[in-house]
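Below, read A as the first sequence line, B as the second, and so on, with proteins coming before strands; counting in each chain starts at 1. Predicted model only: the values in this text are computed from it and were never measured.
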Amino acid sequence: MAYDHRAIEQRWQHFWEANQTFKAERRIGRPKAYILDMFPYPSGSGLHVGHPLGYLATDIVARKKRMQGFDVLHPMGWDAFGLPAEQHAIRTGAHPAKTTAENIHVYRRQLKQIGFAYDWSREINTTDPGYVRWTQWIFLKMYERGLAFQAEIPVNWCPGLGTVLANEEIIDGRSEVGGFPVVRQPLRQWQLRITAYADRLSEELEPLDWPETKQKQRDWIGKSEGAEVEFPVEGREEALTVFTTRPDTLYGATYMVIAPDHPLTLAITTPSQRAQVSAYVDAASRKSDMERTALNREKTGVATGAFAKNPLSGRRIPIFTADYVLGAYGTGAIMAVPAHDERDFEFARRFELPIVEVVSPDGSLHENLERAYTADGIAVRSGAFDGQPTAEMKQNVLAHLERQGIGRRRINYKLRDWVFSRQRYWGEPIPIYFPVDTAGDPRQGAAYTIDYTQPIAVAEAELPVRLPELDDYRPGDPQGPLARATNWRFFQKDSKWFARETNTMPQWAGSCWYYLRYLDPKNERELCSAGAYDAWMPVDLYVGGSEHGVLHLLYARFWHKVLFDLGVVKHPEPFLKLVHQGPILGTIYRYFGAVDGESGALYAGDDANVIPIDGPGDVRFALKTGEKLEERWANEPEIEWRDGTPFLRGRDVRVVPVSEKMSKSRGNVVNPDSVIAEHGADALRVYEMFMGPLEQMKPWQTSGIFGVRRFLDRVDGLVGRELGTEMDLETAKLVHRTVKKVGEDIDALRLNTAVSAMMILTNHLNGLPQVPREAAEKLTLCLAPFAPHLGEELWQRLGHEPSVAVAPWPSFDPALCVDDTVEIGVQVNGKVRGRVTLGLTASEEEAKGAGLADSNVAKFVEGKQLTKVIYVPGKILNFIVR
RNA sequence: GCCGAAGUGGCGGAACCGGCAGACGCGGCGGACUCAAAAUCCGUUGAGGUUACACUCGUGUGGGUUCGACUCCCACCUUCGGCACCA
C-alpha cells in the first residue's frame, strides 16, 4: 500500500521545473509576501537533516500564501565566500572557486530533491563577479561617507587563522571558527563606522516582530546614559574626563582609575612612580584577551602618584592605573565610588582606600559597609543634595555640572567599530589602491614604499575588482596572500605606480545585502531597481539560526540603514518578522568500559554504578568499587533494543542515549539523501515539521519517520478509494475545523500541531464506509504545502489540472467550527466527578440540574450543604459543598 | 555573576486569554491476517488500586492567590543559549 515516492517525487519536480511553477511575479492588485531563508554556506560535507528545518517552515508558509493568491518571492542562494574552501585550497591546491562550485552543485541537488518551492531563476552567489561588484560598490559608498576608514589599531589577531577577527567573532578569547587563540596586536585595518549607527540600531529594533534576539542585540550595542565629568589634575592644565552612569554618587568618588592604555597615563605619572607604572602598562598591553577575561579576576593596579580634585566634595583623591578600566570604553578613565560599585569596592579593599557611603537605602548613615550598595536610595554625605532620591539627584547634579561647565550629559555604547579587513584570499577585494613611491617596476622586484595615508577609491566603472589567480593561498602575512600577486597588486596609471589594497572583506560582507539582490539578480546598472524594490520589500518573514542573532543580523541591519541614508532602500529595517529554528540533535549512546581496552574489558554499562573522578584525559569515571573507566560512545547501528532499553548489540551492556549537535566527529549525522531514498522527501518534510515546535531544540529519531510515512500512505489510500458525495455532520465539522486549524497553525508557524490535525482527520475518514469527495479534496489541499509531491499526485487523481501549488487554499464554514452543545466537566469542590453534555447557551439552572443528575456527582453532593455553584458556559460546572 | 528561554508518560511532544492533563506520533503489550515473518489492520497503554467500577497520586522543588493552577505570583533547583571588569 506504500506509494512509490521515487516516481512521484521525480515526476513533480520535473513538472515544477518545466512549468516554472514557482517563478516570482507581481500581478496588479495582488498582495505580496517576501519569505526569506538565511542562505547557506555550501560546505564540503553537504546537508544534514538539521539544515532544511527552517527552509521547510518557510516553504510551507510560502506555498500556502501562494495558494491564498499572494505573489510570493521565495528565493535561495549561496553565501559562498568563507574559510573552509580556502583551507581546502591550501591543502590541495584546488582553486576555492572550483571547490565552491562543486559544493554548490551538491547543495542545489540536495535542496531540489526535497522539493522546495524556490524561484531558482533568482539564485545568487556572493562570489559571482556580478555580485561582488555591488558588494564593493556599497563599500565605496561607505568610504565616500567616511563610514569606511583605515586605522592603525590593536586588533584581534588570530595566528591560527592568519587573520584578524571582529569582536563578534571571538568567544572566550578564541576564534569562533576553529577555536584558535586570539592576541591583541596593532595593525593597519579597514573599519566600518557601525558606532555611528549605534543609536538607530538599538532604538529601531522596537517595532520589529523578533524573538529574544532583539534583546541580545540591545545588550551587544550596550547603550548607556550618563554623564561626562571633568576632574582637575594637580599640576596640570587639562582635566581628566570620566564617564559615569551615576553622577549622583559623585561625592563618594574617593579615587580615580585611568586605563593602562589611556594616552595620559604615563604623562600624569610622577617620577617616583614611573618605573612601576611603565611596567604595569607594558604587562597589560601584552596580555591577550584570553588572559584578561579568563584569569584576571583579582583586581590589580598601581598608583600613578598623581592626584585629582573631586569637583563636588573638593577632596584630594589619588589616581591609579588598573586594567579593570578599559581604554576603549567611555573616556578610558573612571571616578571610583567604592561604596556603590562592586569593582571599585573590591579594589578599594585591596588598596586600603576610603569607602564613603553617599547613597543610603533608608537615608540613615552606615559605617563599615560589607559590600557595595548598588541600588537606588537617598543621598547622604552629599552636601546640599542630602536627602534627595537617586533619580532626582542625578538630574540636579547634571544641571549643576552643566552650569559650572565641568560636565555634560553623555550616551555611551559598548559597540565598537567593525574591523572589516581580513588577511585572507577567498573574499571580496577591498576596492581601494594607494600611491607607490618606487624607482623602477615593483613587479620586477624594484624597491617601493606604499603610502597608506592616501587611499584612492577604485572608479565605479572599474568594478568589480576581481581576485587574482594564486599558486599559494596560505595566510600568515599581515598583508594577506594577495600581496604575493604582484602583477595584480601593482599597476601604472598616468605613468605613476599604484598598489591595490591586499586585504579582503570578511565573510559577512556578502550576506549583508543579499536579500536585496534577489529582487533584481541580473541588474547590471543598479544593485536593484526601484521597481523591484517596491514590488517586494520589506522581507515579511525571515527564518534562520539564532547563532546569527548578533553577527549577521546586526551587520545586515547596519548596511541596510546606510543604504537607507543613501536613498537606495526605503524602509529603515529590512526584516519585519524573524524566527529562529531550533537545532536538530543527533543521538549517540553512552556507556563505560575499562581502560585496558577491548581484551578482557570490564563493561560497566550505564551511569547507575559509575561515579565521576578527577583524572587526566579520558579517565574521568570509575566504578563505585574503584576500577577506572573510560567514557565510550556507540551510534545507532551498534545498538539493539530489549524491552524498550537500549543495549550494546550482542553484549550485556546497557547504554544511555545522549542527544548532541550533529557533527561528523561524533558520527551522529543523519543525511537527508538516505532518508529521502528510503522514505521519500514528503515523509522527511512532514516528519521535520511534526517533530515539535519550530524554535525548539529537538532530537532526531529515525523511528519517528515511520509513523509519518504511515500517515502519508493512509492519505494516499483514502484518496484512492471510491469517493462519495454525501458528508455526515460529524465529518463535515471535523473537515472544516481541520481546514481552519491548519491554516491558523501555518500562519503562526505551529507546523507540528497542523500535522497532528491532519492526522486526526485522516484517522476519522479512514473509519468511514465511504470518503466524501469534499473531505478528500480539502485534506489534499491542506496537505499540499507539507507534502507537495503527494499533494500534486492526489490533486491530479481527484480530477484537477495541476498544479495544486496554485489551487485556491480551502475555505471553511465558521458555523461548522463551533459546537452548539459541548461536554463539560462537573466538579465538586474543584475535583472532577462527572461530565455532562450541555447546550452552549444552557442556563445555570439547566446546568445545575444536569450536573446533579449525574449519579457520581450526586454521591459527593448528597448529605452536604450546597453553598455555591460556579458555572462557566462551555467550560466548567463546579459545586461547592460543605 | 548578569540577561534570556525552558523543565509535562518509557520517548518526541499536546493543552497555557486559569476550567475534563497527556491530543498526535514513536515505543510497549494483546489480537486479526499469514505455513511463518515483514508489512498492514484492530484494541490497549501516566502511576497506584480494583474482577470491574469507585477512589488516590501525578506537569522540576517549596510556598501563595483562586471555587478551580501545567497555566498567575514569590523563592529555589536543573538544563540550554547569550554576555562577561562596559563604570
Trainee: In this structure, is the centre-to-centre distance between the rings of A:F706 and A:H679 below 6.0 Å?
Mentor: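 So the answer is yes for these two rings.
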Trainee: For A:R410, which contact category applies under a 4.0 Å heavy-atom criterion: base, sugar-phosphate, or nothing?
Mentor: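 Nothing: the residue A:R410, judged by heavy atoms under 4.0 Å, touches no strand.
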Trainee: Identify the two heavy atoms, one from A:H580 and one from A:L553, that lie closest to each other, and give their separation to 0.1 Å.
Mentor: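 So the minimum-distance heavy-atom pair works out to CE1-CD1, 4.0 Å.
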Trainee: Checking all strands, does A:P693 fall into the base, sugar-phosphate, or nothing category for heavy-atom contacts under 4.0 angstrom?
Mentor: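 Contact class for A:P693: sugar-phosphate only.
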Trainee: Looking at B:A5, B:G19, B:G25, which one has an atom nearest to any side-chain atom of A:M759?
Mentor: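 Nearest to the side-chain atoms of A:M759, counting from C-beta on, is B:G25.
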Trainee: Quick one: which of B:A87, B:A23, B:C20 gets closest to the side chain of A:L326?
Mentor: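 My answer, after comparing the listed nucleotides, is B:A87.
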Trainee: Mind checking whether A:F347 and A:Y324 have parallel, tilted or perpendicular rings, split at 30° and 60°?
Mentor: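 Tilted.
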Trainee: Would you name the heavy atoms of A:G549 and A:Q217 that are closest together and state the gap between them?
Mentor: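 Between these two residues, the closest heavy atoms are O-NE2, 2.7 Å.
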Trainee: Rounding to the closest angstrom, what is the interatomic distance between B:C76 and B:G68 at atom P?
Mentor: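 Pairwise P distance, B:C76 against B:G68, rounds to 27 Å.
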Trainee: Which nucleotide sits closest to the side chain of A:V832: B:A21, B:A54, B:C85?
Mentor: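 Within the option list, the nearest is B:A21.
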Trainee: For B:A52 and B:C16, measure between their C1' atoms and round to the nearest Å.
Mentor: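 The same atom, C1', in both gives a distance of 35 Å.
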Trainee: Once you apply a heavy-atom cut-off of 4.0 Å, does A:I880 come out as touching a base, just sugar-phosphate, or nothing?
Mentor: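 Sugar-phosphate only.
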Trainee: Does A:N763 place a side-chain N or O at less than 4.0 Å from the phosphate oxygens OP1/OP2 of B:A23?
Mentor: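 No, no such contact exists.
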Trainee: Do the side-chain N or O atoms of A:S224 get closer than 4.0 angstrom to the phosphate oxygens (OP1, OP2) of B:A87?
Mentor: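 So the side chain of A:S224 is within the cut-off, an N or O lying under 4.0 Å from OP1 or OP2 of B:A87.
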Trainee: For B:U61, give its Watson-Crick or G-U wobble partner with both distances under 3.5 Å, or none.
Mentor: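 Base partner found: B:A75.
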Trainee: Nearest of B:A54, B:G13, B:G19 to any side-chain atom of A:N878?
Mentor: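 Taking heavy atoms from C-beta onward, the closest nucleotide is B:G19.
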Trainee: Whether A:K831 contacts B:C57 is assessed here as follows: a side-chain N or O lying under 4.0 Å from the phosphate OP1 or OP2. Is that the case?
Mentor: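 It does, given that an N or O in the side chain of A:K831 lies less than 4.0 Å from OP1 or OP2 of B:C57.
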Trainee: So is A:R709 actually on top of A:Y3's ring, under 6.0 Å and inside 45° of the axis?
Mentor: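 Judged by the rule (NZ or CZ under 6.0 Å from the ring centre, within 45° of its axis), A:R709 counts as positioned above A:Y3.
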Trainee: Report yes if at least one side-chain N or O of A:R710 is closer than 4.0 Å to OP1 or OP2 of B:G25; otherwise report no.
Mentor: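 It does not, given that no N or O in the side chain of A:R710 lies less than 4.0 Å from OP1 or OP2 of B:G25.
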Trainee: Using the P atom in both, what is the distance from B:U44 to B:C26, to the nearest Å?
Mentor: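 Looking at atom P only, B:U44 and B:C26 are 15 Å apart.
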Trainee: Which nucleotide sits closest to the side chain of A:M697: B:C80, B:C67, B:G12?
Mentor: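 Nearest nucleotide to the side chain: B:C80.
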Trainee: For B:A15, which nucleotide in any strand shown is its Watson-Crick or wobble partner with both distances under 3.5 Å?
Mentor: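 Base partner found: none.
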Trainee: Between B:A87, B:C80, B:G13, spot the one nearest the side chain of A:N752, thanks.
Mentor: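 In terms of side-chain proximity for A:N752, the closest of B:A87, B:C80, B:G13 is B:G13.
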Trainee: Over 60° means perpendicular and under 30° means parallel, so tell me whether A:Y373 and A:H340 are parallel, tilted or perpendicular.
Mentor: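 Rings of A:Y373 and A:H340: perpendicular, over 60°.
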Trainee: Compare every heavy atom of A:E230 with every heavy atom of A:A239, then report the nearest pair and how far apart it is.
Mentor: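 That would be CB-CB, 3.9 Å.
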Trainee: Using the P atoms only, state how far B:G31 lies from B:U79, rounded to an integer number of Å.
Mentor: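 Looking at atom P only, B:U79 and B:G31 are 44 Å apart.
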Trainee: Distance check, C1' atoms only: B:G62 and B:U78, in whole angstrom units.
Mentor: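 Roughly 15 Å separates the two C1' atoms.
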Trainee: Taking syn as a glycosidic torsion within 90° of 0 and anything else as anti, which one is B:G9?
Mentor: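 Nucleotide B:G9 adopts syn.
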Trainee: Can you find a donor-acceptor N/O pair under 3.5 angstrom joining the side chain of A:Q827 to the base of B:G19?
Mentor: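 Present.
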Trainee: Would you please confirm or rule out a distance under 4.0 Å between OP1 or OP2 of B:C41 and any side-chain N or O of A:R714?
Mentor: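 Yes.
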Trainee: Below 4.0 angstrom from OP1 or OP2 of B:G25, is there any side-chain N or O of A:Y687?
Mentor: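 It does not, given that no N or O in the side chain of A:Y687 lies less than 4.0 Å from OP1 or OP2 of B:G25.
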Trainee: Between B:A87, B:A5, B:C80, spot the one nearest the side chain of A:T244, thanks.
Mentor: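 Looking only at heavy atoms from C-beta outward on A:T244, the closest nucleotide is B:A87.
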Trainee: Compare the minimum distances between each of B:G12, B:A23, B:U56 and the side chain of A:I760, then state the nucleotide with the smallest one.
Mentor: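 Comparing B:G12, B:A23, B:U56 against the side chain of A:I760, the answer is B:A23.
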Trainee: At 4.0 Å (heavy atoms only), tell me whether A:F347 reaches a base, stays on the sugar-phosphate, or touches nothing.
Mentor: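 If one applies the 4.0 Å heavy-atom cut-off, A:F347 turns out to touch nothing in the nucleic acid.
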Trainee: Strictly by Watson-Crick or wobble contacts shorter than 3.5 Å, is anything paired with B:C2, and which nucleotide is it?
Mentor: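 Across all strands, the one nucleotide that pairs with B:C2 is B:G82.
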Trainee: Taking only side-chain N and O atoms of A:R750, does any of them lie within less than 4.0 angstrom of OP1 or OP2 on B:A23?
Mentor: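 It does not, given that no N or O in the side chain of A:R750 lies less than 4.0 Å from OP1 or OP2 of B:A23.
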Trainee: Look at the side chain of A:N856 and decide which nucleotide, out of B:G25, B:C67, B:C55, has an atom nearest to it.
Mentor: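 Nearest listed nucleotide: B:C55.
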Trainee: Please give the distance between the P atoms of B:A75 and B:G82 as a whole number of Å.
Mentor: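 Comparing P positions in B:A75 and B:G82 gives a spacing of 26 Å.
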Trainee: Within the structure, does a side-chain N or O atom of A:N412 lie under 4.0 Å from either OP1 or OP2 of B:A87?
Mentor: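 For A:N412, the contact criterion (side-chain N or O under 4.0 Å from OP1 or OP2 of B:A87) is not met.
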Trainee: Is B:G43 paired to anything, Watson-Crick or G-U wobble with both distances less than 3.5 Å, and if yes, which nucleotide?
Mentor: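 Base-paired to B:C29.
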Trainee: Rounding to an integer number of angstrom, what distance separates B:C80 and B:U71 when you compare their C1' atoms?
Mentor: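 It works out to 22 Å between them.
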Trainee: Without decimals, in angstroms, what is the distance between A:Q215 CD and B:C83 C1'?
Mentor: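 Taking atom C1' of B:C83 as the reference, CD of A:Q215 is at 11 Å.
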Trainee: So do A:P260 and A:T265 actually touch side chain to side chain, heavy atoms under 4.5 Å?
Mentor: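 They are not in side-chain contact.
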Trainee: Is there a side-chain polar atom (N or O) of A:Q696 under 4.0 Å from OP1 or OP2 of B:A6?
Mentor: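 Checking A:Q696 against B:A6: no side-chain N or O falls below 4.0 Å of OP1 or OP2.
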Trainee: Taking the C1' atom in each of B:G25 and B:C20, what is the distance between them to the nearest angstrom?
Mentor: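 Here B:G25 and B:C20 have their C1' atoms 22 Å from each other.
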Trainee: Is there a Watson-Crick or G-U wobble partner for B:A54 with both distances under 3.5 Å, and if so, which one is it?
Mentor: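 Paired with B:A54, as far as the under-3.5 Å criterion goes, is no nucleotide at all.
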Trainee: Report the distance from atom NE2 of A:H580 to atom P of B:G82, rounded to the nearest whole Å.
Mentor: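 Value for this atom pair: 12 Å.
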Trainee: Return the nearest nucleotide to the side chain of A:K216; candidates are B:C3, B:G68, B:G81.
Mentor: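 Output: B:G81.
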